[in-house]
Protein chains: 2
Amino acid sequence: MRDATLRDVALLAGVSPRTVSNVVNGYARVTDHTRAKVERAIAELGYRPNVLARNLVYGRSGQLAVVVPYLDTPYFAELLQAIIPRARDRGYNVLIDQTDGDPEHERDLVRRAGRALLFDGMIFSPLGLSQDDLTAVDPSLPLVVLGERVSNGVFDHVGIDDVAASREATAHLIGLGRRRIAAIGDQPYPTGEAAQLRTRGYRQAHTDAGLPVDESLVIPTPRFNRADGSGAMRRLLDRPDPPDAVFCYSDLVALGALHVALERGLRVPEDLALIGYDDIEEGRYSNPPISTISPDKAAIAATAVDRVLDRIGSTEPLPGVEVRAAHRLVPRRSTVGRG
Amino acid sequence: MRDATLRDVALLAGVSPRTVSNVVNGYARVTDHTRAKVERAIAELGYRPNVLARNLVYGRSGQLAVVVPYLDTPYFAELLQAIIPRARDRGYNVLIDQTDGDPEHERDLVRRAGRALLFDGMIFSPLGLSQDDLTAVDPSLPLVVLGERVSNGVFDHVGIDDVAASREATAHLIGLGRRRIAAIGDQPYPTGEAAQLRTRGYRQAHTDAGLPVDESLVIPTPRFNRADGSGAMRRLLDRPDPPDAVFCYSDLVALGALHVALERGLRVPEDLALIGYDDIEEGRYSNPPISTISPDKAAIAATAVDRVLDRIGSTEPLPGVEVRAAHRLVPRRSTVGRG
DNA sequence: GTGAAAGCGCTAACAA
DNA sequence: TTGTTAGCGCTTTCAC
């Protein structure tokens with residue numbers, strides 16, 4: 001049977017569609033008597049407003065797109081976990097897309113996003129997009145980009161201070177007396193901006209301590225996952241002069257590296273100290289648990305949602321801002337041992 | 001500036017809306033000349049069809065809701081990772097909701113789902129819903145439920161054979177010579193149907209081997225996460241007669257248990273053998289890697305999407321079917337050691 | 001407080 | 001092949 005429409009309700013209740021609409025939305029004041037009649041009709045027909053039709057009139061969809069490279073990357077999963085309830089509290093549904101880091105797909109997404117009206121705004125964590133790609137985005141699309149970038153003043157960025165955080169992580173290892181510190185995760189090409197910031201912090205810490213950087217210890221990896229961490233660690237340990245510590249650009253990379261180190265019979269942290277980045281739950285349960293840089297994910301999620309909804313709600317385009325969420329270093333057994 | 005509408009394009013191209021619609025959707029044949037005119041106008045105005053309006057006419061939203069208890073549970077993240085591209089290939093967007101396992105929220109979701117028209121169908125992985133709750137669902141909603149259940153004949157179920165898989169996991173431990181085998185994850189209440197199936201398999205394996213079950217080794221946990229695994233393991237190891245093996249109802253539980261065992265100085269698997277369930281990537285990288293039951297996630301995702309889209313496409317209600325995806329036991333070092 | 005009617009942007013039956 | 005037009009189901013201006 002066809003779903004009941006507002007018209008059906010009006011007919012049954014003996015009132016006009018206008019009145020039904022008033023009752024449903026609580027817009028205008030309605031007589032108690034009329035309201036009762038309408039509500040009875042609604043119940044009897046099992047009427048539910050058609051969201052699509054309503055949205056068409058309002059010119060908005062009530063949906064927020066969240067685009068991440070990989071859903072099974074714990075960092076993104078944990079972020080989404082925080083984004084979804086926040087959006088729901090503010091009346092928005094979350095539409096998820098994953099790009100697999102495919103630049104084509106990512107570009108396509110931000111380009112066509114604007115007018116489609118399938119979603120009113122977007123929170124986007126790009127992987128294969130350069131600054132240029134992002135500049136080409138339709139500025140009328142309410143957009144918040146995750147991860148630190150040089151702001152172009154058009155949309156918002158939400159992230160932590162990657163350079164400072166990486167400097168702290170590296171300084172932590174230096175402070176522990178380590179001198180041959182490797183870095184796993186550099187991405188020396190246009191789309192690797194985030195990785196490059198971390199490398200910069202790594203260098204700064206060395207400079208601050210008056211130590212040289214052994215460039216051969218800076219290992220690039222295409223992705224920030226376990227497999228890449230394992231591979232890089234293997235190459236590092238095959239050298240005649242392996243490192244005594246490693247700064248990994250994500251916890252996943254650190255977990256992959258840890259796996260290889262233990263497999264080779266190294267003691268962590270005695271022979272090799274390890275620190276990661278992201279503070280995913282998995283790192284708290286690994287053996288040993290891994291030290292990490294913990295970004296304030298709740299703040300990042302909340303800010304991203306709030307900013308994009310503010311943009312949606314605003315009639316005139318808001319200037320793009322750069323938001324830096326807090327972070328802190330969490331020392332665990334992979335660097336400080338059982339101390 | 002207001003977005004261009006189909007009407008604007010028609011005006012500019014000097015044709016009727018009908019013709020523009022034809023060009024956009026490739027419905028009827030259009031003269032090359034006319035087509036060119038229209039396309040020029042589209043390009044000039046930067047016209048994009050309004051999806052909302054189109055959907056209103058079609059009476060469908062082109063969206064598929066996927067509801068999971070927790071997004072940051074790797075098993076669900078990995079499943080979603082497979083569901084999203086499959087749905088996209090078939091022209092559907094994925095709308096995600098997480099319920100935190102809240103029965104109220106879950107019940108609410110399946111109840112109101114039907115007519116809202118925000119999504120055309122739903123793939124649902126319930127946690128706090130009993131068979132009764134599910135039976136109350138509007139049968140006109142194209143729905144696929146994840147996880148094994150007794151079918152009620154109304155909607156589809158997709159899962160693996162939990163009893164058989166659990167029997168194999170337990171038999172694997174028995175075959176290794178273990179005799180005091182604990183089980184972590186039972187849920188002896190109406191909403192714990194899935195857990196109970198695993199307990200049943202655990203028992204069957206004992207019966208098959210002519211061994212008694214020590215009921216005090218069956219440990220219930222409210223959730224299937226790391227913290228619950230840790231807690232249960234702690235209680236188990238505090239006993240005077242700790243187990244020599246553990247069957248965990250999820251890899252996350254196993255990882256939590258492993259963490260505690262190693263912390264207490266136990267050797268795994270020499271002192272304690274561990275097997276999990278789900279085959280999440282994390283278990284392949286833990287130290288030692290954990291043996292597990294590996295469900296065919298790709299098949300589960302593909303089947304779930306296909307079934308729900310078939311239901312959406314069908315005019316008359318399809319009978320509910322029970323789909324059993326394949327699974328296999330993956331032995332790793334947490335049970336077989338470095339053999 | 002309630003009704004009549006226009007219109008959100010699109011599709012598709014019906015005509016021409 | 002193309003134009004005219006009536007909705008899809010809802011909100012809301014304008015009258016009463």
Side-chain angles (χ1 to χ4, degrees), chain A residues 1-42 45-63 91 112 114-120, chain B residues 1-42 45-63 91 112 114-120:
Chain A
M1 195 196 65
R2 207 181 95 273
D3 286 347
T5 75
L6 184 136
R7 211 192 147 77
D8 298 331
V9 176
L11 250 43
L12 180 60
V15 300
S16 81
R18 168 73 218 239
T19 303
V20 178
S21 180
N22 280 341
V23 170
V24 171
N25 297 297
Y27 265 167
R29 264 161 304 287
V30 182
T31 328
D32 282 353
H33 177 65
T34 313
R35 172 183 306 281
K37 265 197 315 194
V38 171
E39 281 173 346
R40 213 174 313 119
I42 289 179
L45 295 170
Y47 167 75
R48 323 219 80 246
N50 181 320
V51 186
L52 245 43
R54 172 181 296 173
N55 287 343
L56 179 59
V57 174
Y58 284 152
R60 47 147 260 174
S61 69
Q63 309 206 79
R112 72 172 53 205
R115 337 194 167 276
L117 209 46
L118 229 185
F119 44 85
D120 303 327
Chain B
M1 194 196 65
R2 206 182 94 273
D3 287 347
T5 74
L6 183 136
R7 211 191 149 78
D8 298 329
V9 175
L11 249 45
L12 179 60
V15 300
S16 81
R18 166 75 215 239
T19 303
V20 178
S21 180
N22 280 342
V23 170
V24 171
N25 298 297
Y27 264 169
R29 264 161 305 285
V30 180
T31 330
D32 283 352
H33 177 64
T34 313
R35 172 184 305 281
K37 265 196 315 194
V38 171
E39 281 173 347
R40 213 175 312 120
I42 288 179
L45 295 170
Y47 168 73
R48 325 217 79 250
N50 181 317
V51 186
L52 245 45
R54 174 181 294 173
N55 287 344
L56 179 59
V57 173
Y58 285 151
R60 44 147 262 170
S61 68
Q63 308 206 80
R112 72 172 51 204
R115 333 190 170 277
L117 209 48
L118 230 185
F119 44 86
D120 303 328

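Order of the sequence lines fixes the chain letters, A, B, ..., with proteins taken first and strands second; residue numbering starts at 1 for each chain.
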State whether the distance check finds a donor on one side and an acceptor on the other, under 3.5 Å, for side chain B:R18 versus base D:dG3. yes
Return no unless some side-chain N or O of B:T34 is found under 4.0 Å from OP1 or OP2 of D:dT2. yes
OP1 or OP2 of D:dG3 sitting under 4.0 Å from any side-chain N/O of B:S16? yes
Between the main-chain N or O of B:L52 and the side-chain N or O of B:N55, is there a donor-acceptor pair closer than 3.5 Å? no
Taking CG from A:D3 and P from D:dG9, how many angstroms apart are they, rounded to a whole number? 9 Å
Nearest-nucleotide check on DNA chain C, A:P17 vs A:N22; residue mapping nearer the 5' end is A:N22
Can you tell me the distance, in whole Å, between the CG atom of A:D32 and the C1' atom of C:dT2? 15 Å
Chi angles and distances behind the side chain to side chain donor-acceptor pair (under 3.5 Å) call for A:R54, A:N50: CA-CA 6 Å; A:R54 172 181 296 173; A:N50 181 320; over 6 Å; no
Under 4.0 angstrom, heavy atoms only, what part of the nucleic acid is B:N25 near: base, sugar-phosphate, or nothing? sugar-phosphate
Where do A:D3 and A:R48 land on the side chain to side chain contact (heavy atoms under 4.5 Å, CB included) test, with the steps shown first? CA-CA 8 Å; A:D3 286 347; A:R48 323 219 80 246; over 6 Å; no
Strictly below 4.0 Å: does B:Y58 bring a side-chain N or O up to OP1 or OP2 of D:dG7? no
Among D:dG9, D:dG3, C:dT2, the nucleotide that comes nearest once only the side chain of A:L56 is considered: D:dG9
Does A:S21 reach a base, just sugar-phosphate, or nothing at all? Heavy atoms under 4.0 Å. base
Rounded distance in Å - CZ (A:R60) to P (C:dG9): 16 Å
On DNA chain D, nearest-nucleotide positions of B:R35 versus B:V57: which is more 5'? B:R35
Can you tell me the distance, in whole Å, between the CG atom of A:L6 and the C1' atom of C:dA5? 14 Å
A:L118 CG to C:dC10 P, straight-line distance once rounded to whole Å: 13 Å
Checking all strands, does A:R54 fall into the base, sugar-phosphate, or nothing category for heavy-atom contacts under 4.0 angstrom? sugar-phosphate
Report the C-alpha separation of B:V24 and B:I42 in whole Å, then their side-chain angles, then the decisive distance to 0.1 Å, and conclude whether the side chain to side chain contact (heavy atoms under 4.5 Å, CB included) test is met. CA-CA 9 Å; B:V24 171; B:I42 288 179; 4.0 Å; yes
Between atom CZ in A:R7 and atom P in C:dT2, what is the gap in whole Å? 19 Å
Distance-only, no hydrogens or angles: does the B:T31 side chain make a donor-acceptor pair with backbone N or O of B:H33 under 3.5 Å? no
Nucleotide D:dC8, atom C1' - distance to CG of A:N55 in whole Å: 14 Å
Does A:T19 place a side-chain N or O at less than 4.0 Å from the phosphate oxygens OP1/OP2 of C:dG1? no
Applying a 4.0 Å non-hydrogen cut-off, can you work out what A:V30 is touching in the nucleic acid: base, sugar-phosphate, or nothing? sugar-phosphate
Kindly say if B:T31 contacts the phosphate of D:dT2, meaning a side-chain N or O under 4.0 Å from OP1 or OP2. yes
